[in-house]
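These notes are about the structure you will find just below.
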Protein chains: 2
Amino acid sequence: MTTGSAPRRVTIADVAGRAGVSTAAVSKVLRGAYGVSPGMRAKVREAMDELGYRPHAAARAMRGRTYTLGVMLSDTRNPFFPDIIEGVTGQLVGTEYQVLLGPGGDEPRSQARMTDAMIDRSMDGIILISPVMSSTELAAIATTTPIVVIGRHGSAAEYDSVVDDDVVGARLVVDHLADLGHRRIAHITHLDRGRASGADSPQAVRAEGYRQAMRARGLAEGVDVVATSFTEEGGYEGARQLLARPARPTAIFAGADVAALGVLRAAYEAGLSVPGDLSVAGYDNIGIASLNPISLTSVDQDGHVIGATAARLLVERIEGRGRSVLSSVSPTLVVRGTTGPPAGRE
Amino acid sequence: MTTGSAPRRVTIADVAGRAGVSTAAVSKVLRGAYGVSPGMRAKVREAMDELGYRPHAAARAMRGRTYTLGVMLSDTRNPFFPDIIEGVTGQLVGTEYQVLLGPGGDEPRSQARMTDAMIDRSMDGIILISPVMSSTELAAIATTTPIVVIGRHGSAAEYDSVVDDDVVGARLVVDHLADLGHRRIAHITHLDRGRASGADSPQAVRAEGYRQAMRARGLAEGVDVVATSFTEEGGYEGARQLLARPARPTAIFAGADVAALGVLRAAYEAGLSVPGDLSVAGYDNIGIASLNPISLTSVDQDGHVIGATAARLLVERIEGRGRSVLSSVSPTLVVRGTTGPPAGRE
DNA sequence: ATGAAAGCGCTAACAG
DNA sequence: CTGTTAGCGCTTTCAT
C-alpha cells in the first residue's frame, strides 16, 4: 500500500480538550466572535498552535464561510491574467481568504459549468474574468454567490464590475498617432462569433473609442476598421487587407498586442519598414512588447490594480455592501519603437 | 438589499421525496454504487433533472470525495503552464472531476501554504508544478493527499512524477549545434537562490545534460557554463559575460527561452548578427519563439502530454494504485532561424 | 462568559 | 434491493 493510513485531522474537539474548554469556545476564538474572555482566548490559541490545528474548510462550509474566493478564467493564455491574479492575491495577503482559479475555457457552456462548480464548492465569492455570458445569466449567479465581473463594460445592480477604460485607451493611441501627423489610421478589431457579450466587450468599446477619437480629431474620413480576430494570425490577415487598400493607412492600431505582432509580420513581408513606412500600435502591453526586437507601442492596462480592485469589491460585497459599484481603471500609453511620423510628413 | 435571500439548495432529501425513495438510494445513484434497481435509478435520475439537483461538494467532503483536483502553480507567468493546464483538464473531460488552480508563488512558504489550503479544502488529489520543497516535505504531503509532481527529477515512493527529459532536450540542442559545426557552445543556466530543489531542478539537469552531450561529442574543452537566471535580464547578463571571453563562443544555448531573448538583445547590442556571428538556442518553445522577428530555435516540451499524464497518474493514485510511477516525456527540437553554421566554418 | 446540543448535506454501515 | 441511521467537523442558538 501507499503508506500507513493518513493521520487523523486535528479537530476543534482536540483543541477544546487540550485547552480544557468547550468546542463552542474554540469556534468563537476561531471566528473572532464575541463572548470569550481574554484568558480563554489565549489558552485556545496556545492549544491550536501546539496541536498544529487547521480548520477543515468543508466542515466550515456546512454552516458558514469557506474563506475561499474563486476566479473564473476565460482564457489561461490571456497575457495579463497573471497580473490580475497577482493583484487579487496581493489584496488578500493578511486576510484569511484563499484564492482558487478555475479554468473556464472560452465557451459559455464550460464557463457556466466552472462557475457552478465553484458555487457547489461553497466559495464565498467569485471573480469572473471576461465571462461569455449575458447580463441576465450573471445576475442569476449573483443571487446565489457574490460576484465581481472583470472586463465587461455595462453594469448591473446585482454585481460589481471592474473594467479598463477602453475608450480612453483607444483615444490615447489615436491622439498619439494623430500628433505624429498620421491621418489614415486604421483599426483591427476582434469579431465575436458568439452572441453573448456584444457591445459590452472590450473590443467593441475599443473600436467605438477609436471612432470617437478619430472624429474628435477631425479624421472621420480616415476611419477604417477591419474585423478579424485577436490572434497573431488575425492581425496578419487584417494587415494584409489594410495594406492592399488603394490609399493604404500610414498607421495601424491593433486592438490587441498579439494582433499587432501579426501586423508586424505582414509589414515585414510587404517590405515595409516600421515605423518608417508604417506605424503600429497595440493594446495590453504584454511582456514581449517591451523586448528589443519588438519594442511595440502599446496601451497598458494596469492588471494589478484591476485585480486588486476586484478583490476589494468582492470582499466588501461578501461583508454586506448592497449597492452596486462599477470601477473604471485608466490605462496609460507606452510609446516605443513601432510608432513614428508618417513617411510623407510635409 | 442585494436581492431576496438566496434560494435554498436542492438536497438529496428533496430528490428522494420527489422520487419517492430514500436518501440512501439517491446517494447510491449519485455515486453509481451497487444495489439500486434500474427502475429506481431511472426515477431518481428524473427527479434530479426536474429539480436541477447538484451535489453539494462540501457535504460530500465530510464523508467521501469532493471530485476536485488541485494544481499548485509555482509561477503563473510560466509560459507553458497553460499547456499543462489544458492537458490536465483535457484528460479529465467526461469525468466528474473539476480542476482548481492555486497560485502558490515562488517561495517555499507560500507554496506550502497553498498546498495546505488545498488539503484543508479536501481536494482528492493535488498536482504540484515545479514545487520548491524537499522530497521529504513532498512525501509528508503525500501521506495526507495523493500528489503528482511535475518538473522535478528524482522520484519517490510516496508520489508520482512527470518530467520533461531535460537530458535529452539538452542533447538535442548540443547535437544540432555540433552538427552545424560549432565547437565552442556555451550554456546559460539558472542559479537557485533557494536550497530546496538542487540537483532535481530542470536547470540542473539541463546543465548536466549539456555537459554530457558536449563530452559525448568530444567537445569537453568547449564546455562553458554561466549561471545567471532564467529571465530576459539574466540571459542578457550571461551573454555579456560570454561574449567578453577571449575566445568567445560561436553558439549559446540558453536553458530557457526568456533567457534566450536576453541573449538576442546582447548580441544585437554587440553588433553580432544571428545566426551569422552567433547561434542562439533556447528551451521551452514559448509562444513568441515562433514569431517572425524572433524565430528562435528551441526545445519543445510537450506541456499538453505532461499535463494529461499527470492527471491520469493522479486519478490512478486516487483510485488505489500503490506503486510509484516516474513518467519521462521526451522533448523535441524545433529548429528555426537563430541557429546556423558558425562564421569561420572551413 | 461558558457550554450543551442541534443541525448543515451527504455517505456508509447496517438492518430489514 | 431498499431504507434507517449514525456520524463527518464546524457554527450557532439557547440555556446556564
Side-chain angles (χ1 to χ4, degrees), chain A residues 5-44 47-48 51-68 96 119-124 144, chain B residues 5-45 47-48 51-68 96 116-117 119-124 144-145:
Chain A
S5 58
R8 205 182 53 79
R9 273 194 87 88
V10 176
T11 72
I12 55 168
D14 300 324
V15 175
R18 177 90 171 205
V21 301
S22 72
T23 58
V26 177
S27 175
K28 282 175 188 161
V29 171
L30 211 49
R31 290 150 31 226
Y34 251 156
V36 249
S37 64
M40 178 173 273
R41 185 178 301 276
K43 268 192 304 183
V44 171
M48 294 201 301
L51 265 34
Y53 170 77
R54 280 168 14 208
H56 189 4
R60 302 184 95 170
M62 299 292 291
R63 305 304 250 101
R65 300 191 186 167
T66 53
Y67 298 95
T68 308
E96 251 200 290
I119 294 170
D120 295 344
R121 281 156 186 74
S122 314
M123 299 211 171
D124 294 339
T144 309
Chain B
S5 58
R8 204 181 53 78
R9 272 194 89 90
V10 177
T11 72
I12 55 169
D14 300 324
V15 175
R18 176 93 171 205
V21 301
S22 72
T23 57
V26 178
S27 175
K28 281 176 186 161
V29 171
L30 211 50
R31 289 147 34 220
Y34 247 160
V36 248
S37 65
M40 178 172 276
R41 187 179 300 277
K43 268 193 304 183
V44 171
R45 281 262 152 71
M48 294 201 300
L51 265 35
Y53 170 77
R54 279 168 15 208
H56 189 6
R60 301 184 96 169
M62 298 293 290
R63 301 310 246 93
R65 301 193 186 165
T66 53
Y67 298 95
T68 308
E96 250 200 289
D116 285 347
I119 294 170
D120 295 344
R121 280 156 187 75
S122 314
M123 299 210 171
D124 295 339
T144 310
T145 303

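A quick note: this is a predicted structure, and the numbers were derived from the prediction, not measured. Below, chains carry the letters A, B, ... as their sequence lines are ordered, and counting in each starts from 1.
With sequence neighbours left out, the side-chain hydrogen bond (donor to acceptor under 3.5 Å, both in side chains) criterion links B:D120 to A:R9, A:R54. Partners of A:R60 by salt bridge (charged side-chain N to carboxylate O under 4.0 Å, His left out), not counting sequence neighbours, listed by chain and number: A:E96. Listed by chain and number, the residues in a ring pair (Phe, Tyr, Trp, His ring centres under 6.0 Å) with B:Y67 are B:Y97 (sequence neighbours excluded). Applying the side-chain hydrogen bond (donor to acceptor under 3.5 Å, both in side chains) criterion to B:T68, with sequence neighbours excluded, gives A:R121.
The rotation axes computed at either terminus of the helix from C:dA1-D:dT16 to C:dG16-D:dC1 lie 40° apart, taking five pairs at each end and rounding to 10 degrees.
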Next item on the list: Sugar-phosphate atoms are those with a prime plus P, OP1 and OP2; base atoms are the rest. Using that split, label each nucleotide of nucleotides 4-16 of chain C B, S or - for protein heavy atoms under 4.0 Å, 5' to 3'.
Entry: B--BBBBBB----

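Of all heavy-atom pairs spanning B:Y53 and B:I12, the tightest one is OH-CG2, 3.4 Å.
Judged by closest nucleotide on DNA chain D, B:G20 is the one of B:A61 and B:G20 placed further toward the 5' end.
Using a 4.0 Å cut-off on heavy atoms, the residues of residues 36-44 of chain B that approach DNA chain D are B:V36, B:S37, B:M40, listed by number.
For DNA chain D, the contact window with chain A, defined by any atom under 4.0 Å from a protein heavy atom, covers D:dG9 to D:dT12 in 5' to 3' order.
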May I have the list of side-chain donor-acceptor pairs in residues 19-30 of chain B shorter than 3.5 Å, sequence neighbours left out?
| unit_1 | atom_1 | unit_2 | atom_2 | d |
| --- | --- | --- | --- | --- |
| B:S22 | OG | B:A24 | N | 3.4 |
| B:S22 | OG | B:A25 | N | 3.2 |
| B:S27 | OG | B:R31 | NH1 | 2.6 |

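If you take OG1 on B:T11 and CG on B:L51, they are separated by 9.0 Å, rounding to the nearest 0.5 Å. For the atom pair B:S122 OG and A:H56 NE2, the distance stands at 3.5 Å (nearest 0.5 Å).
Applying the salt bridge (Lys or Arg N to Asp or Glu O under 4.0 Å) test to residues at least two apart or on different chains, the pairs with a partner in residues 11-26 of chain A are A:R8-A:D14, A:R18-A:E50.
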